[in-house]
Asker: 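Starting off with a structure, shown below.
Quick caveat: nothing in here was measured; it's all calculated off a predicted structure. Note on naming: letters A, B, ... go to the chains in the order of the sequence lines (proteins, then strands), and numbering restarts at 1 for each one. Basis for what follows: all heavy atoms, side chains included, without hydrogens, waters or symmetry-related copies.
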Amino acid sequence: MDEITEIYNKLGGIISEDDFRKRVDEKVDQMSGLCDMKTAAMLVAHDLGVTDTVKDIIKIKDITAEIGNVSFVAKVTSVLDVREFNRNDGTIGRVGTVKVADETGSIKLTLWDDRADIITNGSVDVGDCLEITGYAKEDSYSGGTVINIGKYGLMRETDQNIEVRMQSHKIADIKDGMSDINISGKLLDISDVRNFQKKDGNPGRVMNILIGDETGKIRVTLWDEKVDSTTSLNLDDAVEIINGYARTNNFSQQVEVQIGNHGVLRKTEANVEYKESFTPITDIIPGESYSIKGFVSGLGELREFEKDDGTSNMVSNIYVSDDTGRIRVALWGDHALLVDELDIETPIEIIDAYSKSGYEDIELSAGNRTRITIK
DNA sequence: CCCCCCCC
């Protein structure tokens with residue numbers, strides 16, 4: 001049985017095979033020979049509303065630049081922005097990139113001109129499963145294979161769910177500049193939402209979460225509507241991040257994961273381990289973030305003061321001791337009120353406090369990123 | 001693209 005009959009057989013007899021073959025020939029003509037019979041047959045099947053002819057036609061790992069026209073089914077793993085460029089003939093071209101994957105691997109799709117509209121109008125999203133027909137060619141940039149989706153390409157949503165083998169990262173391996181970051185971790189902290197004005201004058205929203213896995217913890221920044229994905233989450237939930245990107249924070253010089261337009265944060269069933277690691281007090285040096293575990297060994301007064309910007313704030317000082325030493329801890333903002341609940345000898349854990357050379361000696365600052373638990 | 005780590 002030839003390939004065309006094979007595709008015809010999937011149509012369930014909605015038209016005759018002769019009619020089908022006639023339409024296939026027409027399709028080849030329409031495309032001025034830009035697609036072969038098999039691709040034309042699949043396109044005709046698509047036109048007839050039968051979309052599963054492309055199922056299993058090829059797996060991503062088998063796609064090479066020599067193959068030319070390909071049809072396959074894959075899941076969107078990342079959506080990158082659209083760029084404009086000037087063609088030699090003076091017209092403006094557009095090019096967008098979408099990454100997709102199946103259970104065998106992942107590949108980049110290059111969408112040309114009108115085909116890039118699905119990116120700009122937001123109709124393609126991470127997690128969408130698509131039937132894709134395009135033209136495989138060598139990616140001159142990376143040396144890998146890329147699928148060009150031009151005038152005759154197809155990208156159609158399908159109900160099939162594709163299992164994807166996605167690369168998952170460990171927190172300790174996240175480096176500045178990385179993209180397509182997927183991590184699972186435990187939700188350790190959730191900040192307030194901050195409103196701000198963007199450079200273009202529009203209002204923006206931003207917030208942070210902290211997640212940890214068995215290799216470490218990392219601050220995550222959520223932008224604009226991604227802020228809303230935290231509303232259904234609770235501390236200690238196992239969460240996953242899909243398609244984040246990493247940037248060094250100018251202030252802290254720490255690498256953070258950003259979740260922008262095309263990133264996802266959601267609950268996961270994955271098993272995640274996180275264990276806080278505590279530093280012996282004697283090992284603390286200035287300029288780092290630390291967690292300590294010990295007991296209260298001194299209590300100061302609660303004070304209110306006015307900051308340089310005129311707003312008022314509270315601070316109290318306590319001392320914490322462990323087997324190795326004793327340190328002063330300044331409790332800022334709401335943490336300051338804790339001083340009234342504490343007694344000498346109260347067991348205490350202070351997570352993520354910042355060390356600096358203080359008034360007397362090295363001290364810790366417990367600010368809005370610090371968590372304090374009393375046993 | 002945002003915000004921090006401020007007191008005596």
Side-chain angles (χ1 to χ4, degrees), chain A residues 79-82 176-177 179 181 188-211 217-230 243-263 265 279 284-292 298-320 326-340 342 350-372:
Chain A
V79 181
L80 302 169
D81 285 332
V82 177
D176 181 46
S179 56
I181 295 172
L188 304 175
D189 196 26
I190 304 176
S191 80
D192 291 336
V193 178
R194 297 181 295 280
N195 293 291
F196 68 98
Q197 195 176 45
K198 297 185 194 190
K199 282 172 183 163
D200 64 7
N202 289 315
R205 286 188 295 159
V206 62
M207 73 180 290
N208 298 98
I209 60 168
L210 185 72
I211 64 165
K217 55 190 167 186
I218 197 159
R219 190 171 187 241
V220 177
T221 303
L222 296 140
W223 297 100
D224 297 320
E225 72 271 22
K226 296 300 167 180
V227 159
D228 300 325
S229 49
T230 61
N243 205 28
Y245 56 98
R247 293 283 180 276
T248 299
N249 179 313
N250 280 335
F251 181 83
S252 68
Q253 294 302 311
Q254 300 284 307
V255 175
E256 301 181 347
V257 172
Q258 310 283 320
I259 300 184
N261 262 344
H262 307 299
L265 168 73
T279 302
I284 293 174
I285 56 167
E288 305 271 340
S289 183
Y290 289 103
S291 300
I292 60 168
L299 291 165
E301 298 273 298
L302 177 66
R303 262 197 317 282
E304 275 188 66
F305 66 96
E306 199 164 284
K307 291 205 287 186
D308 290 345
D309 66 4
T311 60
S312 70
N313 201 358
M314 294 177 291
V315 64
S316 64
N317 294 303
I318 64 170
Y319 286 83
V320 174
R326 184 169 188 252
I327 194 165
R328 188 162 90 129
V329 183
L331 310 178
W332 301 100
D334 288 342
H335 289 312
L337 297 168
L338 254 185
V339 75
D340 293 332
L342 297 172
I350 298 177
I351 318 279
D352 293 336
Y354 190 80
S355 64
K356 57 180 187 174
S357 296
Y359 195 55
E360 302 153 17
D361 214 335
I362 298 173
E363 65 179 41
L364 289 177
S365 262
N368 57 5
R369 289 185 206 174
T370 305
R371 279 93 62 215
I372 300 178

Asker: Taking only the side-chain heavy atoms of A:Asn208 (C-beta and beyond), determine which of B:dC3, B:dC7, B:dC5 contains the nearest atom.
Answerer: B:dC3
Asker: Send over the distance from A:Ile209 CD1 to B:dC2 P, rounded to a whole Å.
Answerer: 20 Å
Asker: In this structure, how many angstroms lie between the C1' atom of B:dC8 and the CD atom of A:Glu306, rounded?
Answerer: 16 Å
Asker: Out of B:dC8, B:dC3, B:dC2, which has the shortest distance to the side chain of A:Gln258?
Answerer: B:dC2
Asker: Look at the side chain of A:Arg328 against the base of B:dC8 and say whether a donor-acceptor pair falls under 3.5 Å; ignore hydrogens and angles.
Answerer: yes
Asker: What pair of heavy atoms forms the shortest contact from A:Arg219 to A:Asn249, and how long is it?
Answerer: NH1-ND2, 3.5 Å
Asker: Is the count of non-hydrogen atoms from other residues, nucleotides or ligands lying under 6.0 Å from A:Asp308 atom CG greater than 12?
Answerer: no
Asker: For A:Phe305 and B:dC6, are the ring centres under 5.5 Å apart with planes inclined under 30°?
Answerer: no
Asker: In whole Å, I'd like the distance from the NZ atom of A:Lys199 to the P atom of B:dC1.
Answerer: 5 Å
Asker: For a quick check, tell me whether the side chain of A:Glu363 and the base of B:dC7 share a donor-acceptor pair closer than 3.5 Å.
Answerer: yes
Asker: Verify the stacking flag for A:Trp332 against B:dC6: centroid separation must be under 5.5 angstrom and the ring planes must differ by under 30 degrees.
Answerer: yes
Asker: May I have the distance from A:Gln253 (atom CD) to B:dC5 (atom P), rounded to whole angstrom?
Answerer: 17 Å
Asker: Between B:dC2 atom P and A:Asp200 atom CG, what is the distance in whole Å?
Answerer: 12 Å
Asker: Whole-Å distance between B:dC1 P and A:Asn249 CG?
Answerer: 10 Å
Asker: Please classify the nucleic acid contact of A:Ala353 as base, sugar-phosphate, or nothing, using heavy-atom distances under 4.0 Å.
Answerer: nothing
Asker: When we call it a touch if two heavy atoms are under 4.0 Å apart, what does A:Lys198 touch: a base, just sugar-phosphate, or nothing?
Answerer: base
Asker: Verify whether one side chain among A:Thr221 and A:Asn208 offers a donor that lies under 3.5 Å from an acceptor in the other.
Answerer: yes
Asker: Looking at B:dC7, B:dC2, B:dC5, which one has an atom nearest to any side-chain atom of A:Phe251?
Answerer: B:dC5
Asker: Just the rounded figure in Å: distance from P of B:dC7 to CD of A:Glu304.
Answerer: 15 Å
Asker: Atom CG of A:Asp189 and atom C1' of B:dC3: how far apart are they, to the nearest Å?
Answerer: 14 Å
Asker: Would you mind telling me which residue lines up with the more 5' stretch of DNA chain B, A:Asp224 or A:Asp309, judged by nearest nucleotide?
Answerer: A:Asp224
Asker: Would A:Ile318 and A:Leu338 count as a side-chain contact (heavy atoms from CB on, under 4.5 Å) if you check the C-alpha gap in whole Å, the side-chain angles of each, and the deciding distance to 0.1 Å?
Answerer: CA-CA 10 Å; A:Ile318 64 170; A:Leu338 254 185; over 6 Å; no
Asker: Please determine which of A:Asp228, A:Asp192, A:Asp224 meets the salt bridge (charged side-chain N to carboxylate O under 4.0 Å, His left out) test together with A:Arg205.
Answerer: A:Asp228
Asker: Return yes if the base of B:dC1 and the side-chain atoms of A:Arg194 contain a donor-acceptor N/O pair under 3.5 Å, otherwise no.
Answerer: no
